[in-house]
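For reference, the structure discussed in these notes is given below.
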Amino acid sequence: MKTHSRAFPPGLLIGAAICCTVFAWASAFVSIRSAGAAYSPGALALGRLLAASLVLGTILLVRREGLPRPGARRGILLSGLVWFGGYTVALNWGERLVDAGTASLLVNTGPILMALLAARLLGEALPPRLLTGMAVSFAGAVVVGLSMSSGGDGSTSVLGVVLCLLAAAAYATGVVAQKPALAFGTPLQITAYSCLAGTAACLPFAGQLVAEVPKAPLSATLNMVYLGVVPTALAFTTWTYALARMPAGKLGATTYAVPAIVVLLSWALLGEVPAWLTLLGGLLCLTGVAVSRYRPRTREGSGLPADGPVPGASGVRGR
């Protein structure tokens, strides 16, 4: 692994990890809608986490990484219960009650909460560039959400809205809890044990899962397995790899690219031609991410950006 790390610039590896995460999480929205038609929210969450735990546990054994240091336990437990478990169940349930556009809009309040929590609890700075980028991206998410909302009779499930907001809060809380734990273990360790904690929290849904598997179509079960292997096992590991190397608030802003990618994937794979307003919203999302990720040129003769040190860079160890 050290040989591969030296073969590629650190920035390239971080960028690749972010891209992998964002694309995988974008694909999850489509799979959740498909699998959710046959599986209840709790059963779908447990099945997804069981598949992810099997993959992560196998890799952990093959690599012989063992247990992280004791300092990681609190972050692993909180992240596992709140993010892996709570977020997954809440989002599965919420998407059954509100349309995809509304769900994506509400969940995209997560990066804002993440940045605020990281500033309050982790001491991360909130530079104007990050705030501006998040504002632009959130505006894009609003446009995408409104353009994709079915409208119908104009009614919206209050419970569905609350569940999606709870999912956003769980996502933000889980990331902020996970960040300090990465100082005591590798990204694979933190992801794997957080996933195991989330799986344990979802075990009360085991009866539902056992009853629903024989009745579910093969496509729904395959989507559930896909959710566990790619958006969970793979994407959460690449996420923690990037999180160990950059501030939580800045990394969270990159997930605003998810709505834009969902639109493109639906267009390419499902033949769903987006409206011009949806495309405009997706463009705004990507523009905001670009603004939040932009780093000005360094001052001549110094290794610092034009506006000073990179916020939140201290205390983040490379691996």
Side-chain angles (χ1 to χ4, degrees), residues 10-11 13-15 17-18 21-22 68-84 86-87 107-138 165-187 189-191 193-194 197 236-257 288-296 298-299 302-319:
L13 293 175
I14 295 173
I18 293 172
T21 301
V22 169
R69 297 196 297 279
R73 291 174 184 170
R74 180 178 178 183
I76 287 174
L77 183 60
L78 185 57
S79 177
L81 295 178
V82 175
W83 190 9
F84 283 77
Y87 167 85
V107 171
N108 268 292
T109 60
I112 297 175
L113 296 174
M114 188 190 309
L116 295 176
L117 285 173
R120 180 70 178 86
L121 301 177
L122 303 180
E124 292 185 2
L126 291 174
R129 189 179 303 106
L130 174 60
L131 295 176
T132 300
M134 292 181 72
V136 173
S137 288
F138 185 70
L165 288 175
L166 284 175
Y171 161 44
T173 303
V175 171
V176 173
Q178 193 180 65
K179 175 71 174 178
L182 285 164
F184 302 96
T186 67
Q189 287 175 326
I190 303 304
T191 303
Y193 289 106
S194 295
F236 275 73
T237 302
T238 53
W239 169 271
T240 51
Y241 174 87
L243 184 62
R245 292 159 174 81
M246 63 186 296
K250 189 173 182 180
L251 180 59
T254 65
T255 61
Y256 273 120
V289 171
V291 171
S292 66
R293 293 279 297 158
Y294 173 74
R295 294 180 66 177
T298 58
R299 292 193 295 261
S302 75
L304 298 177
D307 54 357
V310 179
S314 60
V316 179
R317 302 185 310 163
R319 289 186 177 84

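Hydrogens, waters and symmetry mates play no part in the numbers below; they use all other heavy atoms, side chains included.
The CG atom of Leu116 sits 10.5 Å away from atom CG of Leu121, with the distance rounded to the nearest 0.5 Å. Distance check: Arg73 CZ to Phe184 CZ gives 11.5 Å after rounding to the nearest 0.5 Å. Rounding to the nearest 0.5 Å gives a distance of 8.0 Å between CG of Leu251 and NZ of Lys179. Taken from CD in Gln178 to OG1 in Thr191, the straight-line distance is 5.5 Å, to the nearest 0.5 Å. From Ile190, atom CD1 reaches atom OH of Tyr241 across 15.5 Å, with rounding to the nearest 0.5 Å. Residue Leu243 holds its CG atom at 11.0 Å from CD1 of Ile14, rounded to the nearest 0.5 Å.
Minimum interatomic distance between Arg245 and Pro187 (heavy atoms only, all atoms of both residues): NH1-CG, 4.3 Å. Of all the heavy atoms in Ala17 and Ala242, the pair that sits closest is CB-CB, 4.5 Å. Summarising the geometry of Val22 relative to Thr254, their closest heavy-atom pair is CG2-O, 3.8 Å, with the distance given to 0.1 Å. Taking both residues in full, the closest heavy atoms of Gly185 and Pro68 are given as CA-CB, 4.1 Å, listed atom of the first, atom of the second, then distance.
Between the side chain of Thr173 and the main chain of Ala170, no donor-acceptor pair closer than 3.5 Å is present. The main-chain N or O of Thr237 is found under 3.5 Å from a side-chain atom of Thr240 such that the two form a donor-acceptor pair. Side-chain atoms of Arg74 never come within 3.5 Å of backbone atoms of Ala177 as a donor-acceptor pair (strictly under, hydrogens ignored).
With sequence neighbours left out, the side chain to side chain donor-acceptor pair (under 3.5 Å) criterion links Tyr87 to no other residue. With sequence neighbours left out, the side chain to side chain donor-acceptor pair (under 3.5 Å) criterion links Thr238 to Thr21.
Relative orientation of the Trp239 and Trp83 rings is perpendicular, given thresholds of 30° and 60° on the angle between their planes.
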